[in-house]
Amino acid sequence: MTTPYQPEIVEREAQKYWEDTRCFEVQEDPTKEKFYCLTMFPYPSGKLHMGHVRVFTISDVLARYQRMQGKYVLQPMGWDAFGMPAENAAIQHGVPPAQWTYKNIDDMRGQLKRLGYGYDWTREITTCRPEYYRWEQWLFTKMFKKGLVYRKNSVVNWDPVDKTVLANEQVIDGRGWRSDALVERREIPQWFMKITAYADELLDELDRMPGWPDSVKTMQRNWIGRSEGVELSFDVDGEDEPLTVYTTRPDTLLGVTYMAVAAEHPLASKVAADNPDIAAFIAECKISDAAEATLETMEKKGMSLGISATHPLTGDDIPLWVANFVLMSYGTGAVMAVPGHDARDWEFAKQHGLPIRQVIAPADGSDIDIEAAVYVDKGVLVNSGEFDGLDSAAACDAIADHFEKSGLGKRKVNYRLRDWGVSRQRYWGTPIPIVYCDDCGAVAVPEDQLPVVLPEHVEVTGSGSPLKDMPEFYETPCPKCGKDARRETDTFDTFVESSWYFARYACPDSDTAMLDERASYWTPVDQYTGGVEHAILHLLYSRFFQRVMRDEGLTDVSEPFTNLLTQGMVLKDGAKMSKAKGNTVDPQELIEKYGADTVRLFMMFAAPPEQALEWSDDGVQGSFRFLKRFWTAVVDHAAAGAVEDFDADALNTAQKDLRRKTHQTIAKISDDLSRRHSFNTVVAASMELLNAINKFVDDSAAGRAVAREALQAVVLMLSPLVPHICHALWRELGHESALIDQPWPDVDSSALEVDLIELVVQVNGKLRGRVSIAVDADRDAVEAQALADENVQRFIAGKDIRKVIVVPGRLVNIVV
RNA sequence: GCCGGGGUGGCGGAACUGGUAGACGCGCCGGAUUCAAAAUCCGGUUUCUUCGGAAGUGCGGGUUCGAUUCCCGCUCCCGGCACCA
């Protein structure tokens, strides 16, 4: 009777070994090739959810695999500890956010340890600690001095009942989540970081990042949205200031039949002053949340302002409208409308009976009816006076030249990317290190007065930040003149903390600098893993911050993450698992029932890493069953005694077949882990090999030796996925040294050799037979044997053979 | 609305560079073991079929000797859209 698989014992022992030997703690060692393996650090919400287990397991598999490849692996862990849920919990349960957060961190750290991840815990980072955030306050003051941060007005969601700013998430169908009041857009002064100053670099470098998925690079390119166009001015009747618009299609300029400005535009306000209808419309436009998705899907509405602009080429009167789809925060807050050649303008024109003018004709000379359908493609200019007959590209140039000469317009490169608004009207975040003085204005807190510490003992009520009610926090002398002044009470967007933590892991204890020389050893991150939902914001902000740190002289590295793996989400009932939706599955119960290895194995087996994984409780059982079979196979084999070496040339066919399967599997799994990151097929291939071992019954000395080689390969190859059971089974196989220090197994290419291969024979692309043929047979021999096949004969009898296609090593297709 | 991704048996998925569709697992069915159950082990499992085959990878077209794979059009689902993290 062999020892049954008891995960709780096996896992406790393995984890104790790793902890006692401190085998995941690393220091800089220039003689070793480093590998920095990182996963997006979690928000300490209270409990791990399946999404965490998935991403941490993927990262741990990659880290352990690289270690077996001989790399010196750093895998750290920490906490993205500031954020809204802590404030919500405080409102609900009266617990201060700090207390709630620290408790959650302790709980989750315990859960992570129970899952057996190979972290260097000596480097743990907690972003809500002053030792951490003082350095982002420091960097902010450096950016302030360089002019990389500035203050301007921008739009927030205003809850008029709770008198507080709401996150987009807190707005449900246009209403405040607690008050149920209609949310308004309101402008307040906020701090911005000039990410647009790096727009070109952030864009261009994407072309030199082969380690990132194309989909993420494409999303970032589109997000940055570089466009080349022309900025032009239209004179407005009765106004001194002309109205400036930006267009990427100057070739359609002669097709402008109206213009539209945003509700917040000064021209609209001016008209509204003595036109109550317009005033009412503008007020109505403000009742909406600030999310772009809301604004873009809103019903397009507009009103004529009753004033006109003058077309800069024709001198025609162009009526001016105010419209809810024009955004003050984009470009100039005004657009020229070309209903003939822009879909949105076309619809708006139809709706309001505005004229539609065709100025572009298809290049192939075909006719179109501009009243029946919009034409957005490029083509040849018509109805455009002196520009008639030019193609779109030439016309864009000619019109741009015309305006640059006359001084009424100029070529301009525009970005969709906007500067990063970092101010939050919240308590639980990093204080923005600014003091407002009546005489000196906004003054950065000097370095020797950092950090500005966030008070942790507070009462959170839900209406406004408690900092605003704490004179002991905000009352402070001006750092410049010493006069009574007022500290900024807004805090940073929590994306600020996550934009540089990856570098800080290299030197988490440095209290004299944001980064020190240790960062030059460990950064950049070699392998970064995290959810696709971060494809744009977090990853773009981090790329930006890395460059700001570089330009501050803290590092030579420009790109923070060399290779990126974006894992799909774990969905439940077709929706993303999130604390906000409350549809989480608790991994804890599963670990208690089956052990960490079963949970890890199932997460890797259930779907390829990049795809969404719809959670299902079925199937975990199957992973547990496999581990039990695996355990029994190894333990039974070991119990039968030691084995001797085998002579590879003296093996019988069955023994050679098992060896071939073993080495084919090593080759496949090596490729799956290193190149393809295809963990589900790693598991499948391991299962296949174990099935083959179990079917192979051979008690001869050579047979047992071949079986042992196969079992040992499975133990080694599965160890990144299920490290605890493999740690125990490695000992079971009689090894003195620990599995964690073993190298990855090698493929013995001589074991892969075969004499005969099976070829598929098709007739007209349909499978009709199989032939077994010598591996080195020439084309004629292959063709002859394929044609001779009995079943193939039935399908080609009496027909002319038009063509025979031979794909070496794969198939023969006979076309009749 | 815009950007990115996805759709293959009852289910999760495999098929890597255009070449055997359904590996591996779950579930289900049958059998062994058991007083019985759990656990375990063995076999079967895309659909239809006149048992020769035929059809089949979201839908409609196209390219090719050959398409899950490439191209065009559509549809549904998921993610992101700048204050969830």
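Convention: sequence-line order gives letters A, B, ...; per-chain numbering from 1.
Ring planes of A:F192 and A:Y150: parallel class, angle under 30° (limits at 30 and 60°). Using a 30° and 60° split on the angle between ring planes, A:H538 and A:Y501 fall in the tilted class, from 30° to 60°.
Summarising the geometry, the separation between CG on A:N680 and P on B:A14 is reported as 5 Å, rounded to the nearest angstrom. Spacing between atom NZ of A:K593 and atom C1' of B:A39 amounts to 13 Å, rounded to whole angstrom units. We find that CE of A:M40 is positioned 17 Å from P of B:C84, with the value rounded to whole Å. Residue A:L601 contributes atom CG, which lies 16 Å from atom P of B:C24 at whole-angstrom precision. Nucleotide B:U20 holds its C1' atom 14 Å from the CD1 atom of A:I757, rounded to whole Å. The separation between A:L540 atom CG and B:G80 atom P is 16 Å, rounded to whole Å. In this structure, A:L811 atom CG and B:U20 atom P are separated by 7 Å, rounded to whole Å.
More than 12 non-hydrogen atoms from other residues, nucleotides or ligands lie less than 6.0 angstrom from NZ of A:K152.
At least one side-chain heavy atom of A:M40 sits less than 4.5 Å from a side-chain heavy atom of A:Y528. Annotation: side chain of A:T681 is not in contact with side chain of A:V683 (no heavy-atom distance under 4.5 Å). Two residues are said to be in side-chain contact when any heavy atoms from C-beta on lie closer than 4.5 Å; A:K47 and A:M108 fail this criterion. For the pair A:F56/A:M77, a side-chain contact is recorded, criterion being any heavy-atom separation below 4.5 Å from C-beta on. Between A:W212 and A:Q220 the shortest side-chain heavy-atom distance falls below 4.5 Å. With a 4.5 Å cut-off on side-chain heavy atoms, A:I814 and A:R802 do not count as touching. Taking 4.5 Å as the limit, every side-chain heavy atom of A:I188 sits out of range of all side-chain heavy atoms of A:W158. In this structure, the side chains of A:R768 and A:Q762 stay at 4.5 Å or more apart for every pair of heavy atoms.
Distances shorter than 4.0 Å separate some side-chain N or O of A:N222 from OP1 or OP2 on B:G4. Side-chain N/O atoms of A:N88 include none lying less than 4.0 angstrom from OP1 or OP2 on B:C84. The side chain of A:K628 contributes no N or O atom lying less than 4.0 Å from OP1 or OP2 of B:C41. When the side-chain nitrogen and oxygen atoms of A:T494 are compared with OP1 and OP2 of B:A85, one or more of them lie within a distance under 4.0 Å.
Looking at A:N813, its side chain comes within 3.5 Å of the base of B:C65 through a donor and an acceptor atom.
Contact check of residues 802-810 of chain A against RNA chain B (heavy atom, cut-off under 4.0 Å) returns A:K803, A:I805, A:V807, A:R810.
Between A:D672 and A:S678, the side chains place no donor N or O within less than 3.5 Å of an acceptor N or O (distance only, hydrogens not considered). Residues A:Q425 and A:S465 have side chains that never bring a donor and an acceptor to within less than 3.5 angstrom of each other. Side-chain N/O atoms of A:T196 and A:D419 include a donor and acceptor closer than 3.5 Å. A:S154 and A:E187 form no side-chain donor-acceptor contact under 3.5 Å, judged by distance and modelled atom types alone.
For the C1' atoms, the distance from B:G58 to B:G43 is 34 Å, rounded to whole Å. To the nearest whole angstrom, the two P atoms, one in B:G62 and one in B:G9, are 24 Å apart.
Two residues, A:V815 and A:E296, neighbour RNA chain B, and the one matched to the more 5' nucleotide by heavy-atom proximity is A:E296.
Base orientation of B:G9: syn, since the glycosidic angle falls within 90° of 0. Base orientation of B:G12: anti, since the glycosidic angle falls outside 90° of 0.
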Which atoms of nucleotides 56-58 of chain B (N or O only) lie under 3.5 Å from a protein N or O atom, and what are those distances?
none

List, with names and distances, any nitrogen or oxygen atoms from the protein found under 3.5 Å away from nitrogen or oxygen atoms belonging to nucleotides 47-53 of chain B.
residue: B:G52; atom: O3'; partner: A:R794; partner atom: NH2; Å: 3.4
residue: B:G52; atom: O2'; partner: A:R794; partner atom: NH2; Å: 2.7
residue: B:G53; atom: OP1; partner: A:R794; partner atom: NH1; Å: 3.2

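Counting only heavy atoms from C-beta on, A:P608 has its side chain closest to B:A14 among B:A14, B:G1, B:C3. Closest contact between the side chain of A:A167 and the listed nucleotides B:A82, B:A85, B:C84 involves B:C84.
One distance of note links CG of A:D490 with CZ of A:R424; it measures 9.5 Å at 0.5 Å rounding. The distance from the CZ atom of A:F696 to the OG1 atom of A:T662 is 9.0 Å, given to the nearest 0.5 Å. Atom OG1 of residue A:T57 and atom CE of residue A:M603 lie 6.5 Å apart, to the nearest 0.5 angstrom.
A donor-acceptor contact shorter than 3.5 Å is absent between the side chain of A:N153 and the backbone of A:R186. Here the side chain of A:D289 pairs no donor or acceptor atom with the backbone of A:V171 at under 3.5 angstrom.
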**Fill in**
A correct 5'-to-3' footprint of nucleotides 6-12 of chain B, with B, S and - meaning base, sugar-phosphate only and no protein heavy atom under 4.0 Å, is ------B
**Complete:** Contact string for nucleotides 27-34 of chain B, one letter per nucleotide 5' to 3', B = base within protein heavy-atom range under 4.0 Å, S = sugar-phosphate only, - = neither, reads S-------
**Item:** Dot-bracket notation for RNA chain B, counting Watson-Crick and G-U pairs under 3.5 Å, with | for partners on another strand
**Value:** (((((((..(((......[....)))((((((.......))))))(((....)))..(((((..]....))))))))))))....
